[in-house]
Amino acid sequence: MSATIADILAARLNKALPESPFAADLPEGFVAQVDQAQNRQFGDYQSNAAMILAKQVKRNPREVAAAIIEAFDGGEVSEAPEIAGPGFINFRLKTTFLEEKLSQLLADEEKLGVPVAEKPLTIVADFSAPNVAKPMHVGHIRSTIIGDSLTRIADFLGHEVIADNHIGDWGTQFGMILWGWKNLLNEEALESDPIPELLRIYREVNARTKDDESLREDCKNELVELQGGNEENLAIWERCIDLSKIGLQKIYDRLDINFDLWLGESFYNDRLAPLVESLLAAAIAEESDGAICVFFPDEKQLADKPALIRKSDGGFLYATTDLATIDYRIEELKADAIWYVVGAPQQLHFDQIFRIAKQRGQKADLQFIPFGSILGKDRKMLRTRSGDTVQLADVLDEAVERALKIVDEKNPDFSDEEKQEIAEIIGIGSVKYAELSQYRMTDYIFDWDTMLALKGNTAPYLINAYVRTRAIFRKLGSDFVKEGEPTLTADAEKDLTLKLAQFAETVPAVLSDFRPNTLATYLYELAVAYHRFWEACPVLKEEGAVRETRLALCELTGRVLRCGLGLLGIRTTEKM
RNA sequence: GUCCCCGUAGUUCAACGGAUAGAACAAGGGUUUCCUAAACCUUAGAUACAGGUUCGAUUCCUGUCGGGGACGCCA
């Protein structure tokens, strides 16, 4: 039941190979692939098997294709395949097969045809991970949104996913914050809105340290006191974290994002010293210039790039915490895989700690899932410290505001609450879709109009397609009830049905290279197919089987859009 | 100096070695007795450069140019 169309065709194609005249020359273990056709004029699915085989069996590709087709049995599934171009084998699905598919998909309300993973894994997903005491800015948007989407997709495919927010709650920035808290804090401002006040003192101190050697020293001492367990400093630190978490949670609530765990850097403090000792004992790490390092002499690329795990003053580093985190996730959380949705600049760091983990015998599948940078107008990476970055909360506010304007314009008769609710869904959805619809490695320059666009290939286009499916049933006055078997007549119906069936092929493919944009593209194409169907095929005017079939298509499109958008973390609305 | 990522229509983005490189925005033309026109139809427009690998290259390899980034005591 859960086999995809591509799987079904591939199975039939591979059954044909040993029956063809060149069966004896077939390379050991050759498996023919079948893919969605790139251009519908060539059919629904295609295979390049003949062109690959042609070389091995020393025959003309078109001859090979002809021989394969001869032995191929399309059964209930496919019409007789055609050979085209240099030797493509093109498949066209039988209408009766599409009708059967449509019935099956309607019956699979939960998974909509998507096959679940054969081997469910326990996956720890590490994303977002903001520093406390600073508000999230646009730079955090990528990790947060991409990580959340991958988490939702893995969960949907049957994996056990643990979303862990590895917040930066123990860095050197606390030296500055502690000093600022003691010397510059405005209690009133802190009471009314804590995060901006924490940011203000951080920036103030940071600016002052630029040309004040003794202040730098004072900040460092505050940090040493904190790390040494000074009670006053610990109390301030804890308060700081609590306030920050409240602020962060507000944003996550608005984004509809949940974490199972919030194990920040401080959680691993007690594990760092023993970890370094064990690395020394295992002769993986060694002393160098007073610091403890791990060298990678066997790797050309890393030969001159050691990882530092303990400073000469005894302090621990980023790599140390991350190694301890890996241990915890594997040993305590029983992770089979750990996914890090982190900016591309950290490539070297993760390369290093993954190697060290491997040297220590850790078996889990460690995945660095990088994304490109968001640049300022000067084409440079955005920096928190420069102070001119746009805050994430402001982006969301602006997005909702822009959406509200249009909602108001288009639907003056909706109530204010309704308008606000819809604007929230569309505004936030647009920000997420803008991010998820492009390849994650692409760098981009932050631009309000690009990120908050509401026209064209954007969230509202997809949400509108969903809204149109709901409009039908609102007019009908009842929910969908399946009656009889579907009958596909119009081309727009067949195109839409095929698209709907391909949801099953799209979702698992996202995880093969962690590319939510492939799902976004699919959903856009599905929406296009539905809008075309809408124009070409009236539903409620029709009668009998045609009407039933069209209602079924509306229903299923609605389900797939809602589910698929949900996997991107985007909510839908019934009206807009 | 070493290494990593990126270079596609005027602009913002697609295309996990496949056929005639897809969209959207911006520009031009059209569609509303019909279930939401936030829609549909339609016109024009691009792979930085030079080699190589192969049946086939935007994709892989080498080099050049251009942009961003990382590299022993920040995270």
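Naming: A, B, ... by sequence-line order, numbering from 1 per chain.
Taking atom P on both nucleotides, B:C13 is separated from B:G45 by 23 Å, rounded to a whole Å. Here the separation of B:A26 from B:C40, taken at their P atoms, is 14 Å to the nearest Å.
Remark: B:C40 base-pairs with B:G30; criterion is Watson-Crick or G-U wobble with both hydrogen-bond distances under 3.5 Å.
Stacking of A:Phe88 onto the six-membered ring of B:G18 is not present when judged by under 5.5 angstrom between centres and under 30° between planes. Residue ring and nucleobase are stacked for A:Phe42 and B:A19, with a centre distance beneath 5.5 angstrom and an angle between planes beneath 30°.
Within the nucleic acid shown, A:Phe316 comes within 4.0 Å of sugar-phosphate atoms alone, with no base atom in reach, counting heavy atoms only. Among the atoms of the strands shown, none is found under 4.0 Å from any heavy atom of A:Glu525. Using a 4.0 Å heavy-atom cutoff across all strands shown, A:Thr442 reaches sugar-phosphate atoms only and no base atom.
For A:Lys55 and B:U54, the shortest distance from a side-chain N or O to OP1 or OP2 is not below 4.0 Å.
Position along RNA chain B of the nearest nucleotide to A:Ile89 versus A:Ala344 favours A:Ile89 as the more 5'-ward residue. Across the interface with RNA chain B, nearest-nucleotide mapping of A:Ser437 and A:Gly456 shows A:Ser437 to be the residue nearer the 5′ end.
In the interface, the side chain of A:Gln41 is paired with the base of B:U20 through a donor and an acceptor atom under 3.5 Å apart.
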